[in-house]
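The residues of the chain are indexed from 1 along the displayed sequence.
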Amino acid sequence: MKIEQLYTSCLAQGAYYIESNGEVAIIDPLRETQSYIDKAHSNNAKIKYIFETHFHADFVSGHVDLAKKTDATIVYGPGAETTYDIHSAQDNEDFKLGNITIKVLHTPGHTLESTTYLLIDENGKNHAIFSGDTLFLGDVGRPDLAIKSDLTKEDLAAMLFDSLRDKIMPLADDVIVYPAHGAGSACGKNLSKETVGTIGDQKKTNYALRANMTKAEFVEEVLDGIAPPPQYFAKNAMLNKTGYDTFEAVLKTGNIPLSPADFEAMANHEEAVVLDVRPQNEYIKSHIPNSIFIGLNGGFAPWVGALITDIKQPILLVVPEGKSQEAVTRLSRVGYDNTLGYLEGGINAWTKAEKDTDTLESISAEKFANRIKNGGVTILDVRKDGEYASMHLENSQHFALDYINEQMSEVSKDTTYHIYCAGGYRSVIAASILKARGFHNLVDVAGGFADIKKTDLPMTDFVCPSTL
């Protein structure tokens with residue numbers, strides 16, 4: 001028996017490769033599927049099942065493509081309805097995979113079809129669960145993403161309470177927990193950085209599995225502090241239900257080099273967003289006017305999903321050399337399939353073609369502190385709500401990047417804004433969006449709050465985020 005966690009850090013997502021006696025199951029695959037096929041082929045094995053723990057909202061799964069390529073059966077939990085062929089499993093149904101068994105544990109709450117898969121080894125011992133978004137390490141799945149007209153988030157939270165206590169907590173303490181996500185995912189509130197644990201550890205450390213916890217207490221605690229879901233979540237869930245274009249087709253149409261002239265003409269003709277995915281220091285020095293910065297070296301795909309509201313938006317890319325395929329691939333993981341190409345030769349080719357460029361003023365935290373002491377500085381803190389509440393500069397305006405599209409009425413084009421985040425990535429994203437909308441009096445604070453804390457600027461008292 002072989003179990004391999006295939007973890008994608010930028011999505012904080014875990015897919016799983018399980019093999020026994022020449023047969024393979026893939027759990028919650030990524031959009032691009034060839035690596036799973038290659039892995040099975042190299043082991044002289046055949047992919048038999050593709051198990052989906054639920055209709056994912058935070059990424060587009062590769063299950064449909066993988067099934068077409070391998071003739072594997074797609075398995076969902078009870079009640080799942082799709083426009084493509086699946087096996088909708090029954091609660092407690094067993095699937096044989098070589099010498100092992102994978103049992104379906106229907107665990108509704110995160111979504112109605114949410115399912116945990118229990119792996120029973122060749123000796124008949126419960127070995128591990130693949131818990132999807134039902135149970136994370138340190139947290140549980142948010143119960144507000146699959147609300148039907150006759151169900152509230154409180155109803156779903158109550159279902160989740162029952163699922164955890166009836167199906168998961170009775171398992172032995174040594175059963176391994178393989179969740180679908182880790183820290184950084186918006187599918188829960190306080191996920192652990194660890195990606196593998198045990199039932200016993202979670203009973204000791206996970207607030208949601210606390211002994212003697214009432215259902216009312218669970219519902220209140222699991223719903224407390226949940227931020228609104230990113231706007232792309234519902235769109236990704238729908239793609240996972242209805243299907244999508246093949247990854248190979250998306251890559252073929254998106255990974256196309258364009259000359260500066262063709263790039264500019266296409267941007268104008270297609271009303272495309274010019275998305276600059278280079279490191280932020282390169283964007284700061286020189287970029288195409290009105291382009292949006294979201295760098296590959298940060299939480300790229302989730303920020304695209306949160307900030308570009310039209311999932312079918314035509315996109316043109318400015319990429320570091322050799323990174324065009326990576327950019328198209330990572331966009332496709334969250335359903336942004338309408339990439340039209342990338343600027344061949346990058347910003348250097350654009351400059352040589354005598355096209356206009358723009359810059360962003362960026363200053364050190366020390367210089368920022370000096371400006372504040374001289375007076376008249378307006379500050380935007382673009383960190384998340386919890387970060388701002390925990391500690392921030394006095395007299396700063398909270399302008400969370402997550403909600404920038406809803407907050408534009410709170411800023412003025414006549415004001416000069418100094419913008420900071422935690423480390424300098426999100427502040428440049430925010431500045432680029434503001435610049436594209438006609439705000440030109442902007443200053444980025446390089447190094448963000450991490451460097452600002454090293455100055456003697458007055459700040460609010462620290463409040464531990466866990467107590468907020």
Enquirer: Within the 3.5 Å criterion, strictly below it, is a donor on D65 or T33 matched to an acceptor on the partner's side chain?
Expert: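 T33 and D65 do not have a side-chain donor-acceptor pair below 3.5 Å.
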
Enquirer: Side chains of Y403 and D385: closer than 4.5 Å at any heavy-atom pair?
Expert: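 Heavy-atom side-chain distance check passes, below 4.5 Å.
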
Enquirer: Evaluate side chain to side chain contact (heavy atoms under 4.5 Å, CB included) for V319 paired with D276, printing each intermediate quantity in order.
Expert: CA-CA 6 Å; V319 300; D276 194 323; over 6 Å; no

Enquirer: Considering only heavy atoms from C-beta outward, does the side chain of T351 approach that of T357 to under 4.5 Å?
Expert: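 Heavy-atom side-chain distance check passes, below 4.5 Å.
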
Enquirer: Whether the side chain of T115 engages the backbone of E113 through a donor-acceptor N/O pair (distance < 3.5 Å, no angle test) should be reported.
Expert: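 The answer is yes, because a donor-acceptor pair under 3.5 Å joins these two groups.
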
Enquirer: Taking 4.0 angstrom as the limit, do K454 and E366 come out as a salt bridge?
Expert: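 Salt bridge absent between K454 and E366.
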
Enquirer: With a 4.0 Å cut-off on N to O distance, would you call R330 and E326 a salt bridge?
Expert: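 The answer is yes: the pair qualifies as a salt bridge.
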
Enquirer: Less than 3.5 Å apart, any donor N or O on the side chain of Y232 or D58 sitting next to an acceptor on the other?
Expert: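 No.
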
Enquirer: Checking N255 against S324: is there a side-chain donor and acceptor pair closer than 3.5 Å?
Expert: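 N255 and S324 do have a side-chain donor-acceptor pair below 3.5 Å.
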
Enquirer: Any side-chain heavy atom of V274 sitting closer than 4.5 Å to one from N290?
Expert: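 Not in contact.
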
Enquirer: Please tell me whether Y16 and Q5 have a donor and an acceptor in their side chains that are separated by less than 3.5 angstrom.
Expert: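 Yes, a side-chain donor-acceptor pair sits under 3.5 Å.
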
Enquirer: State whether E81 and K241 are salt-bridged, where the test is any N-O pair (Lys NZ or Arg NE/NH1/NH2 against Asp/Glu carboxylate O) under 4.0 Å.
Expert: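 No salt bridge links E81 with K241.
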
Enquirer: Could you tell me if T111 and S114 have a donor-acceptor pair between their side chains, going purely by distance under 3.5 Å?
Expert: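 Short answer, yes.
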
Enquirer: Which residue in the set Y36, Y84, F55, F51 passes ring-ring contact (aromatic ring centres under 6.0 Å, His included) when paired with H63?
Expert: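 By the ring-ring contact (aromatic ring centres under 6.0 Å, His included) criterion, H63 pairs with just one of Y36, Y84, F55, F51: Y84.
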
Enquirer: With a 4.5 Å cut-off on side-chain heavy atoms, are L223 and E154 touching?
Expert: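 Of all side-chain heavy-atom pairs linking L223 with E154, at least one is under 4.5 Å.
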
Enquirer: Counting only heavy atoms from other residues, nucleotides and ligands, does the tally under 6.0 Å from CD of Q325 exceed 12?
Expert: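 Check fails, neighbour count at 12 or below.
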
Enquirer: Is any side-chain heavy atom of Y388 closer than 4.5 Å to a side-chain heavy atom of S396?
Expert: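 Side-chain contact under 4.5 Å: yes.
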
Enquirer: With a 4.5 Å limit on heavy-atom distance, are the side chains of Q13 and D28 in contact?
Expert: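 Answer yes - side chains close enough.
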
Enquirer: Is D356 atom CG crowded by more than 12 heavy atoms from other residues, nucleotides or ligands, each under 6.0 Å away?
Expert: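 No, the 6.0 Å shell around CG holds no more than 12 heavy atoms from other groups.
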
Enquirer: For N395, I'd like to know if atom CG has over 12 heavy atoms of other residues, nucleotides or ligands within 6.0 Å.
Expert: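 It does not: N395 CG has 12 such atoms or fewer within range.
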
Enquirer: Is the side chain of D451 donor-acceptor paired with the backbone N or O of A365 at a distance under 3.5 Å, no angle test?
Expert: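 No; judged by distance alone, with no hydrogens or angles, the pair does not exist.
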
Enquirer: Testing K367, K285, R371 for salt bridge (Lys or Arg N to Asp or Glu O under 4.0 Å) with E361, which one passes?
Expert: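 One option only clears the test, and that one is R371.
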
Enquirer: For L135, run the side chain to side chain contact (heavy atoms under 4.5 Å, CB included) check against T116, L160, L209, T107 and tell me which one passes.
Expert: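 Exactly one candidate clears the test, L209.
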
Enquirer: Please indicate whether K355 has more than 12 foreign heavy atoms, meaning atoms of other residues, nucleotides or ligands, lying under 6.0 Å from its NZ.
Expert: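 Yes.
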
Enquirer: For L11, is there any backbone N or O sitting under 3.5 Å from a side-chain donor or acceptor partner on T8?
Expert: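 It does not hold such a pair.
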
Enquirer: Take atom CG of N374 as the centre, draw a 6.0 Å sphere, and report whether it contains more than 12 heavy atoms from other residues, nucleotides or ligands.
Expert: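 Counting neighbours around CG of N374, more than 12 heavy atoms of other residues, nucleotides or ligands fall under 6.0 Å, so yes.
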
Enquirer: Report yes if the side chains of I452 and V445 come closer than 4.5 Å at any heavy-atom pair, otherwise no.
Expert: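 With C-beta onward as the side chain, the pair touches.
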
Enquirer: Are D456 and K373 close enough for a salt bridge, meaning some N to O gap below 4.0 Å?
Expert: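 Yes.
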
Enquirer: Between H110 and H54, is the ring centre distance below 6.0 Å?
Expert: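 Yes, the ring centres sit under 6.0 Å apart.
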
Enquirer: Any side-chain heavy atom of P302 sitting closer than 4.5 Å to one from P230?
Expert: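 No; the side chains remain at least 4.5 Å from each other.
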
Enquirer: Hey, does the side chain of H287 reach the backbone of Y283 with a donor-acceptor pair shorter than 3.5 angstrom?
Expert: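 Between the backbone of Y283 and the side chain of H287 there is a qualifying donor-acceptor contact (under 3.5 Å).
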
Enquirer: Within 45° of the six-membered ring axis of Y420 and under 6.0 Å from that ring's centre, is NZ or CZ of R426 located there?
Expert: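 No.
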
Enquirer: Taking the six-membered ring of F293 as reference, does the NZ or CZ atom of R278 fall below 6.0 Å from its centre and within a 45° cone about the axis?
Expert: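 Not flagged: R278 not positioned over aromatic ring of F293.
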
Enquirer: How about CD on E217, more than 12 heavy atoms from neighbouring residues, nucleotides or ligands closer than 6.0 Å, or not?
Expert: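 Yes.
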
Enquirer: Is it the case that R437 and N405 place a side-chain donor and acceptor less than 3.5 Å from each other?
Expert: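 Yes, a side-chain donor-acceptor pair sits under 3.5 Å.
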
Enquirer: May I ask you to check whether D155 and T152 show a side-chain donor-acceptor distance below 3.5 Å?
Expert: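 Checked: D155/T152 side chains pair up, N/O donor to acceptor below 3.5 Å.
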
Enquirer: Are there more than 12 heavy atoms of other residues, nucleotides or ligands under 6.0 Å from atom CD of E394?
Expert: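 For E394, atom CD is crowded (more than 12 foreign heavy atoms under 6.0 Å).
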
Enquirer: So, S61 versus E52: side-chain donor-acceptor pair below 3.5 Å or not?
Expert: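 A donor-acceptor contact under 3.5 Å links the two side chains.
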
